[in-house]
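Take a look at the structure below.
Letters go in sequence order (proteins before strands), and every chain restarts at 1.
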Protein chains: 2
Amino acid sequence: MLERSIQQFIERYLSVSFLVHKRGAALMKCELDDITHDQYYVLRYIHKRGVCTSTELADVFAVNKSAITAMTNRLVEKGMIARGKDEDDRRIIALSLTERGKEWLVETEQKIYELVETMMTKLSHEEIEQFIQTYEKLAMILQEMEDGK
Amino acid sequence: MLERSIQQFIERYLSVSFLVHKRGAALMKCELDDITHDQYYVLRYIHKRGVCTSTELADVFAVNKSAITAMTNRLVEKGMIARGKDEDDRRIIALSLTERGKEWLVETEQKIYELVETMMTKLSHEEIEQFIQTYEKLAMILQEMEDGK
DNA sequence: CAAAATAGTTCAATTATTTAACTATTTAAT
DNA sequence: ATTAAATAGTTAAATAATTGAACTATTTTG
């Protein structure tokens, strides 16, 4: 039997997390012209890593590899990323941003940052820091839960 | 020009919010047999409200009404919700859970709650409370940003 | 070296979504 | 009271995200 307060936390968490994701995605969409919300995060991730593989993306975003193939196909068609070869292991496809992809990302990060900034500056630094720290803990906990299954 | 610390908050927030959403959805999916993650949240929302309309769902979840039509069609086919008439205004379709929908939701909430509980009990009550409070503030801020556009 | 594991793709199906055009009904303005 | 505007919802065509199973190519391992 769940403790009453925990049950209320869960209730509130489920409601608010879904809403914030949906509403945030809707607002971001306005700044992302041709690129979708999901594609934006994949571009961000590849950029952060420099180079990465399909398998890594599938692990990080917790989807099947075939979903990554489909998405990277679209991003290659749009000229945002390129597929490269790995000389050590010829099974591996090295994904990286094209010059155009990098340019687009820099421009777009600016717009997205302004959006998120508008949202964040309604809170104090302490509150933001605490919020993000807890959020990062949750990300780790989820990772562990996924691994230990 | 963005302050450096704000910029880092934004960076961290974007990374972590997407990850937690994706990983959370992947974990929840295991408990939701025939129903999708999005459908689950729509069922939850209708249940919480008792009765609601397509327009309300579209507003709340920040999608077009036609997306709601498509989704409610699937939920009707699955026997989870029913469309009713409104005698005062015959344009309005009143959406509500069927008995089967209610039963399914009660069973499933149990499983989902256990999942979220596993995650939450790694944090103190104070930390959870603070986290959810800030999250709820963000939801309101996003709502305002959407309205004021 | 043969068998098992790994990296990635293809294909068919389902779902979520958008936009534009549409029907039906209600509200408001003259 | 009648017409014009607004509102609620659907339809249809298109794109995107996703899964799962079957598949190819390559590398590792026993």
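- Residues of residues 34-52 of chain A that place a heavy atom closer than 4.0 Å to DNA chain D, in numerical order, are A:Thr36, A:Asp38, A:Gln39.
- Separating the CE atom of B:Met71 from the P atom of D:dT11 is a distance of 16 Å, rounded to the nearest angstrom.
- Across all strands shown, A:Thr69 has heavy atoms under 4.0 Å from base atoms, whether or not it also approaches the sugar-phosphate.
- A donor-acceptor contact under 3.5 Å links the side chain of A:Ser66 to the base of D:dG20.
- Nearest heavy atom pair, residue A:Thr108 against residue A:Glu31, reads CG2-O, 4.1 Å.
- Closest approach of A:Ile81 and A:Leu43 over heavy atoms only: CG2-CD2, 3.5 Å.
- For the pair B:Lys65 and C:dA20, the criterion of a side-chain N or O lying under 4.0 Å from OP1 or OP2 is not met.
- The interatomic distance linking B:Ile68 (CD1) with D:dT10 (C1') rounds to 13 Å, in whole Å.
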Query - Verdict with reasoning, A:Glu117 to A:Lys122, per salt bridge (charged side-chain N to carboxylate O under 4.0 Å, His left out) - result: CA-CA 9 Å; A:Glu117 196 201 6; A:Lys122 314 239 175 183; over 6 Å; no
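- Under the ring pair (Phe, Tyr, Trp, His ring centres under 6.0 Å) criterion, the residue pairs touching residues 16-36 of chain B are A:His21-B:His21, A:His37-B:Phe18, A:Tyr41-B:Phe18, A:Phe61-B:Phe18, B:His21-B:His37, with sequence neighbours excluded.
- As a whole-Å value, the separation of A:Glu77 CD from C:dT9 P is 13 Å.
- For A:Asn64 and C:dT6, the CG to P distance is 16 Å, given to the nearest whole Å.
- Among A:Glu136, A:Gln130, A:Lys137, the single residue meeting the side chain to side chain donor-acceptor pair (under 3.5 Å) criterion with A:Thr134 is A:Gln130.
- Where A:Ile93 and A:Lys29 each meet DNA chain C at their nearest nucleotide, the meeting point lying more 5' is that of A:Ile93.
- Rounded to an integer number of Å, the gap from CG of A:Leu32 to P of D:dA17 is 12 Å.
- The nearest whole Å value for the distance from the CG atom in A:Asp86 to the C1' atom in C:dA7 is 11 Å.
- Across A:Ala26 and B:Ala62, no two heavy atoms sit closer than the pair CB-CB, 3.8 Å.
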Nucleotide by nucleotide, nucleotides 21-27 of chain C touches protein heavy atoms under 4.0 Å in the pattern (B base, S sugar-phosphate only, - none) ---BBS-
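- Contacts of A:Lys85 with the nucleic acid, taken as non-hydrogen atoms under 4.0 Å apart, are absent.
- Of all the heavy atoms in A:Thr53 and A:Glu56, the pair that sits closest is OG1-N, 3.1 Å.
- Between the CZ atom of A:Arg74 and the P atom of D:dA14 there is a distance of 17 Å, given to the nearest Å.
- Straight-line distance from the CD1 atom of B:Ile92 to the C1' atom of D:dT10: 16 Å, rounded to whole Å.
- For C:dT9, the OP1/OP2 oxygens have a side-chain nitrogen or oxygen of A:Arg83 closer than 4.0 Å.
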